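In what follows, chains are A, B, ... by sequence order, proteins preceding strands, each numbered from 1. Predicted model only: the values in this text are computed from it and were never measured.
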Number of protein chains: 2
Amino acid sequence: MLSKKTKYGLKALTFLAKQEEKKPIQIIEIAQAENISQKFLETILLSLRKSGFLGSKKGKGGGYYLIKDPKEIQMIAVMRVLEGPIAMVPCVSLNFYETCDDCPDENSCGVHKLMMQVRDANLEVYKNTTLYDLIS
Amino acid sequence: MLSKKTKYGLKALTFLAKQEEKKPIQIIEIAQAENISQKFLETILLSLRKSGFLGSKKGKGGGYYLIKDPKEIQMIAVMRVLEGPIAMVPCVSLNFYETCDDCPDENSCGVHKLMMQVRDANLEVYKNTTLYDLIS
DNA sequence: TATTACCCTATAGATTTTATAGGATAAACA
DNA sequence: TGTTTATCCTATAAAATCTATAGGGTAATA
């Protein structure tokens, strides 16, 4: 299952990407438009800013805005920040690799084999999709 | 993340598929070979039996065994039983479709668009992989 | 300096996952 | 026929994770 965090994060990003002007948008405006709890969204946007996707401005007229062009934002990077590793098991993760305690030999493990294929299929999608693709 | 239930279920299935003779194998033997809690595995095997993947025999000499040839067992069916829907959001699920309360229009929803592609990529893998592929 | 709106961490509440308990049922075999 | 063996089945406890909120801090604007 996709977490609400990821879902809301993606919705916020698409909302910002759809803006004509690139001026800051308030959290509350995004929250209302996308039916998201404002406080929850606040923490999500914060992590997106810390990850380099968003910029922010404080005070009156403040809010969040996209730093990069939507065409330059790959879903693979967004998903890793919001949802975590692409792989469904750590033993096939490219960025968060860990051995399984219970598994004596990865190469003869059927789960490993299957999950490698699943990982690759997902990587393919996320690498070839940008934020722009989601709004067009 | 892949749940332990799914991981253990897949391991049990591959263990059974690897058997030369197709006589019943006791839960405890699978549990020990694959480092799984016996009682937890018991509930997993039960659901695999109820779903038609396994047969069982009670009493001395009893245990679980595969009903079909590993080449006839598609991962798509196994995954749906163990892990649930393939789709990451109900609004793109083929078998468990539900609308999102928060989303006024699926067709203009970026999350929907992305998750359709992810679903299709995963379906492709799970449909084209059999239990036999995992042990060979 | 008052107001606005993001910053940040901790933690409460809800849900799901993981695992166990404990007896019921059925088959094998002496 | 009675004992042993091993699955059947449901409820529930324990743990982990996800979702959401609280509540004050900080910086920018006017």
Participant: Using heavy-atom distances to pick each residue's nearest nucleotide on DNA chain D, tell me which of A:K57 and A:S37 is more 5'.
Facilitator: A:S37

Participant: Heavy-atom count around B:K127 NZ within 6.0 Å, excluding the residue itself: above 12?
Facilitator: no

Participant: With a 4.5 Å heavy-atom cut-off, do B:M79 and B:T6 have their side chains touching?
Facilitator: yes

Participant: Counting only N and O atoms by type, is there a donor-acceptor contact under 3.5 Å from the side chain of A:R49 to the main-chain atoms of A:S56?
Facilitator: no

Participant: Could you state the OH-C1' distance from B:Y8 to C:dA19, rounded to the nearest angstrom?
Facilitator: 10 Å

Participant: Of the options D:dT19, C:dC7, C:dG22, whose atoms approach the side-chain atoms of A:E42 most closely?
Facilitator: C:dC7

Participant: What does B:K4 touch in the nucleic acid at a heavy-atom separation under 4.0 angstrom: a base, only the sugar-phosphate, or nothing?
Facilitator: sugar-phosphate

Participant: Taking OP1 and OP2 of C:dC7, is either one under 4.0 Å from a side-chain nitrogen or oxygen of A:S56?
Facilitator: yes

Participant: Starting from the 5' end of DNA chain C, give me the residue, A:G61 or A:T43, whose nearest nucleotide shows up first.
Facilitator: A:G61

Participant: In this structure, are over 12 heavy atoms from other groups packed under 6.0 Å from A:Y132 atom OH?
Facilitator: no

Participant: Determine whether B:T130 and B:M75 make a side-chain contact, defined as any pair of heavy atoms from C-beta on separated by less than 4.5 Å.
Facilitator: no

Participant: Can a donor-acceptor pair under 3.5 Å be found between the side-chain atoms of A:Q26 and the base atoms of C:dC6?
Facilitator: no

Participant: Rounded to whole Å, how long is the line connecting atom CG of B:L2 with atom P of C:dT18?
Facilitator: 9 Å

Participant: Measure the shortest side-chain to side-chain distance between B:P70 and B:K18 over non-hydrogen atoms and say whether it is less than 4.5 angstrom.
Facilitator: no

Participant: When you get a sec, tell me which of D:dT29, C:dT20, C:dA28 is the closest nucleotide to the side chain of B:K60?
Facilitator: C:dA28

Participant: Nearest whole angstrom, please: distance from the C1' of C:dT17 to the NZ of B:K5.
Facilitator: 10 Å

Participant: Over how many whole Å does the gap from A:F40 atom CZ to D:dT21 atom C1' extend?
Facilitator: 11 Å

Participant: What is the separation between atom CD on B:E83 and atom P on C:dT16, rounded to the nearest whole Å?
Facilitator: 14 Å

Participant: OP1 or OP2 of D:dT7 less than 4.0 angstrom from a side-chain nitrogen or oxygen of B:R49, does that happen here?
Facilitator: no

Participant: Regarding B:K50, tell me which of base, sugar-phosphate or nothing describes its non-hydrogen contacts under 4.0 Å with the strands shown.
Facilitator: sugar-phosphate

Participant: How long is the line joining CD1 of A:I36 and P of D:dA20, in whole Å?
Facilitator: 10 Å

Participant: Going by modelled atom types, is there a donor-acceptor pair between the base of D:dG25 and the side chain of A:K58 at under 3.5 Å?
Facilitator: no

Participant: Find the distance between CG (A:N122) and CG (B:N122) and round it off to the nearest 0.5 Å.
Facilitator: 4.5 Å

Participant: B:L16 has an atom CG; how far is it from atom P of D:dT7, in whole Å?
Facilitator: 11 Å

Participant: Keeping to residues at least two apart or across chains, list the salt bridge (Lys or Arg N to Asp or Glu O under 4.0 Å) pairs with something in residues 57-84 of chain B.
Facilitator: none

Participant: The helix from C:dT1-D:dA30 to C:dA30-D:dT1: angle between its terminal axes, five pairs each, to 10°?
Facilitator: 10°

Participant: Return the value, rounded to whole Å, for the distance between atom CG of B:L46 and atom P of C:dA24.
Facilitator: 18 Å

Participant: Using a cut-off of 4.0 Å on non-hydrogen atoms, how would the nucleic acid contact of A:I27 be classed: base, sugar-phosphate, or nothing?
Facilitator: sugar-phosphate

